Amino acid sequence: MFYTVKELVAQAEHFDSVAALMIQTESETSGRTPEQIRELMGRNLDVMADSIAEGIAGVKSVTGLTGGDAKRLDAYLTSGRSLLGPVALAAVRNAVAVNEVNAKMGLICATPTAGSAGVVAGTLMAVREPLKLTRNQQIDYLFTAGAFGLVIANNAGIAGAEGGCQAEVGSAAAMAAAALVCAQGGTADMAAQAVAITIANLMGLVCDPVAGLVEVPCVKRNAMGAAQALTSADMALAGVRTVIPPDEVIGAMNQVGQQMPSAFKETAEGGLAVTPTGRRIRKRIFGDD
Amino acid sequence: MAKQLRFTSVFDIIGPVMVGPSSSHTAGAARIGKVVRNIFGETPERVDIYLYESFAKTYRGHGTDIALVGGLLGMAPDDARLPDSLKIAHEQGIHVTFIPKNDKVDHPNTARISLSKGERSMTVTGVSIGGGNIQISEINGFKLSLSMGTPTFITVHQDVPGMIAAVTDIFSSAHVNIGTMTVTREAKGEKAIMIIEVDDRKPELADQLRQLPHVDNVTYFE
């Protein structure tokens with residue numbers, strides 16, 4: 001088992017990849033065979049792909065607050081007029097799709113949480129064709145993301161109620177950035193750089209769900225997380241390095257989460273949730289303030 | 001390893017597959033409900049659910065109420081019937097009350113669930129720690145720390161002498177090491193509960209436990 005990013009990178013040197021280290025570690029702690037572990041992850045991959053397809057086809061949440069934007073983004077992407085390149089915009093569209101399905105109580109795979117489930121799945125499905133990833137390589141992508149996610153979860157946290165949105169979309173974007181680096185042939189150390197850059201850029205992000213629902217701003221924050229993951233991955237692959245070491249950045253995120261007032265930790269008592277419009281939406285849906 | 005890690009499996013991070021919208025407030029809540037149902041050992045007639053902090057403030061928006069009740073009915077976080085759980089509970093004649101509380105507690109996502117059926121009653125506190133992962137922190141006022149993800153057996157049995165020895169014998173014969181064990185009871189001579197966390201995944205031992213005299217119910221989960 002690895003407790004820090006430093007240990008993860010060091011241990012990965014004895015394996016073909018970060019994914020191989022994660023599978024071996026999981027096998028040791030769970031008693032399952034590597035084949036069983038890969039198969040379990042394969043089911044997660046299938047749910048991710050299905051949720052993206054469902055979201056792009058067009059959905060509407062229970063409250064009507066969200067839905068239909070993945071479909072809009074898909075049409076815009078097809079028009080060829082986008083400012084972002086097709087891979088980045090596809091990642092954004094996919095991330096929105098997953099979280100729109102989540103908001104309508106559809107089936108998704110939490111990565112690391114439901115509210116941030118679009119980032120890892122969205123980036124993976126955006127690069128799988130351009131990078132010609134086989135099914136096994138797609139499954140590896142999820143193990144790489146999970147390896148860095150475990151370190152973040154154990155040293156900071158992944159619950160918005162504990163650490164704000166930085167713990168959810170921040171962690172998800174860092175996990176996706178690491179997996180993107182490895183999928184593109186980067187090293188474990190480059191992946192660690194991408195993790196640090198991502199978390200540093202999303203440090204302090206508050207969790208302020210309007211009416212307490214995982215819809216506004218969660219759906220669009222996943223789009224941002226996907227875009228940041230691609231940016232961080234490209235920076236790390238270009239050789240850009242973090243000044244503050246990855247483990248210290250994760251420690252800082254943990255501390256910021258503890259120092260953050262509870263109004264910004266999934267209580268719907270701060271940020272967008274208490275804007276005049278946010279309050280009106282709450283009243284319309286639940287009939288109280 | 002000396003350190004007590006909150007998250008030990010890659011599937012704590014990539015997963016679970018679940019019905020939205022919130023891993024902590026929906027999937028975690030369903031898991032709490034299901035584990036509490038297993039600890040109680042039968043379908044309750046009456047359930048009072050006390051919600052704290054973030055659970056208290058956002059439970060309706062996140063479907064925490066729906067998920068807790070779905071879990072209490074035995075549904076898993078990816079069960080497609082989950083959105084209809086309140087209706088299903090009503091149809092089965094289960095009386096459910098939600099009570100949001102203002103009290104400060106150790107963790108923001110906490111639910112204290114009081115269940116009763118006839119003369120039997122029990123109170124269990126569950127905590128959702130993120131990503132759908134949960135802990136059970138209290139049973140009948142008795143503090144404990146039970147993390148899901150570890151192979152766990154829960155027995156509900158009569159409080160008679162020799163039960164602990166009979167149960168541990170089964171694990172010992174199967175060469176399965178017991179990591180932690182919690183024993184509690186409703187009252188002397190009444191129903192008692194054992195919660196046993198083990199190191200190896202051997203769900204088949206549940207059948208052997210069920211065959212012991214005075215054992216009412218055995219549940220295995222991980």
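Just so it is clear: chains get the letters A, B, ... in the order the sequence lines come, proteins before strands, and each one is counted from 1. Just so it is clear, the structure is predicted and the values come from calculations on it, not from any experiment. All values below were derived from every heavy atom in this structure, side-chain atoms included, with hydrogens, water molecules and symmetry-related copies excluded.
- Other residues, nucleotides and ligands contribute at most 12 non-hydrogen atoms within 6.0 Å of the CG atom of Asn102(B).
- For Ser114(B), the side chain to side chain donor-acceptor pair (under 3.5 Å) criterion is met by Thr123(B), not counting sequence neighbours.
- Counting heavy atoms from C-beta outward, Leu107(A) and Val19(B) have side chains that approach closer than 4.5 Å.
- With rounding to the nearest 0.5 angstrom, the CG atom of Leu150(A) is 7.5 Å from the OG1 atom of Thr8(B).
- When all heavy atoms of Arg201(B) and Gly31(A) are compared, the pair lying nearest together is NH1-N, 4.3 Å.
- To the nearest 0.5 Å, atoms CG (Asn109(B)) and NZ (Lys265(A)) are separated by 11.5 Å.
- Ranked by non-hydrogen atom pairs under 4.5 Å with chain B, the options Gly160(A), Ala167(A), Ala121(A), Ser30(A) are led by Ser30(A).
- With respect to chain B, the highest number of heavy-atom pairs below 4.5 Å among Asn99(A), Ile285(A), Asn102(A) belongs to Asn102(A).
- Closest approach of Gly15(B) and Thr111(A) over heavy atoms only: N-CG2, 4.5 Å.
- Both the backbone and the side chain of Asp78(B) have a heavy atom closer than 4.5 Å to some heavy atom of chain A.
- Within the 4.5 Å cutoff, side-chain heavy atoms of His62(B) are placed close to those of Val214(A).
- Looking only at side-chain heavy atoms (C-beta outward), Ser24(B) and Glu162(A) stay at 4.5 Å or farther from each other.
- Nearest heavy-atom pair, Arg282(A) versus Lys57(B), reported as atom, atom and distance to 0.1 Å: NH2-O, 3.5 Å.
- Taking all atoms of both residues into account, the shortest heavy-atom contact from Ile14(B) to Ala145(A) is CD1-CB, 4.2 Å.
- Of the atoms belonging to Pro21(B), heavy atoms from both backbone and side chain fall under 4.5 Å from chain A.
- Annotation: maximal heavy-atom pairing with chain B below 4.5 Å, among Ile23(A), Ile152(A), Ile108(A), Val120(A), occurs at Ile108(A).
- For Glu42(B), the CD atom sits in a packed shell: over 12 heavy atoms of surrounding residues, nucleotides or ligands are nearer than 6.0 Å.
- A pairwise comparison of heavy atoms in Val10(B) and Gly146(A) identifies CG2-CA, 3.7 Å as the closest pair.
- Interface remark: of the candidates Pro16(B), Gly130(B), Ser23(B), Ser23(B) forms the most heavy-atom pairs closer than 4.5 Å to chain A.
- We find the NE2-OG1 distance between His25(B) and Thr113(A) to be 11.0 Å, quoted to the nearest 0.5 Å.
- Ranked by heavy-atom pairs under 4.5 Å with chain B, the list Arg32(A), Met175(A), Met22(A), Glu168(A) is led by Arg32(A).
- Options Gly106(A), Gly115(A), Ala147(A), Ala159(A) differ in how many heavy-atom pairs under 4.5 Å they form with chain B, and the most are formed by Gly106(A).
- With chain B as partner, the option from Ala117(A), Ser61(A), Ala153(A) having the largest number of non-hydrogen pairs under 4.5 angstrom is Ala153(A).
- Around atom CG of Asp207(B), more than 12 heavy atoms belonging to other residues, nucleotides or ligands sit under 6.0 Å away.
- In this structure, the portions of Leu40(A) lying under 4.5 Å from any heavy atom of chain B include both its backbone and its side chain.
- Rounding to the nearest 0.5 Å places CG of Leu142(A) at 13.0 Å from CD1 of Ile13(B).
- Met105(A) touches chain B through backbone and side chain together, each having a heavy atom under 4.5 Å away.
- Looking at Glu269(A), the atoms closer than 4.5 Å to chain B (heavy atoms on both sides) all sit in the side chain, from C-beta outward.
- The shortest distance between side-chain heavy atoms of Val17(B) and Asn44(A) falls below 4.5 Å.
- For Arg6(B), the parts lying under 4.5 angstrom from a heavy atom of chain A are both the backbone and the side chain.
- For Met48(A), the part lying near chain B is the side chain, with the backbone staying farther off; criterion is any non-hydrogen pair under 4.5 Å.
- At a threshold of 4.5 Å between non-hydrogen side-chain atoms, the residues Phe11(B) and Ile37(A) count as touching.
- Across every non-hydrogen atom of Glu26(A) and Ser9(B), the tightest pair is OE2-OG, 2.7 Å.
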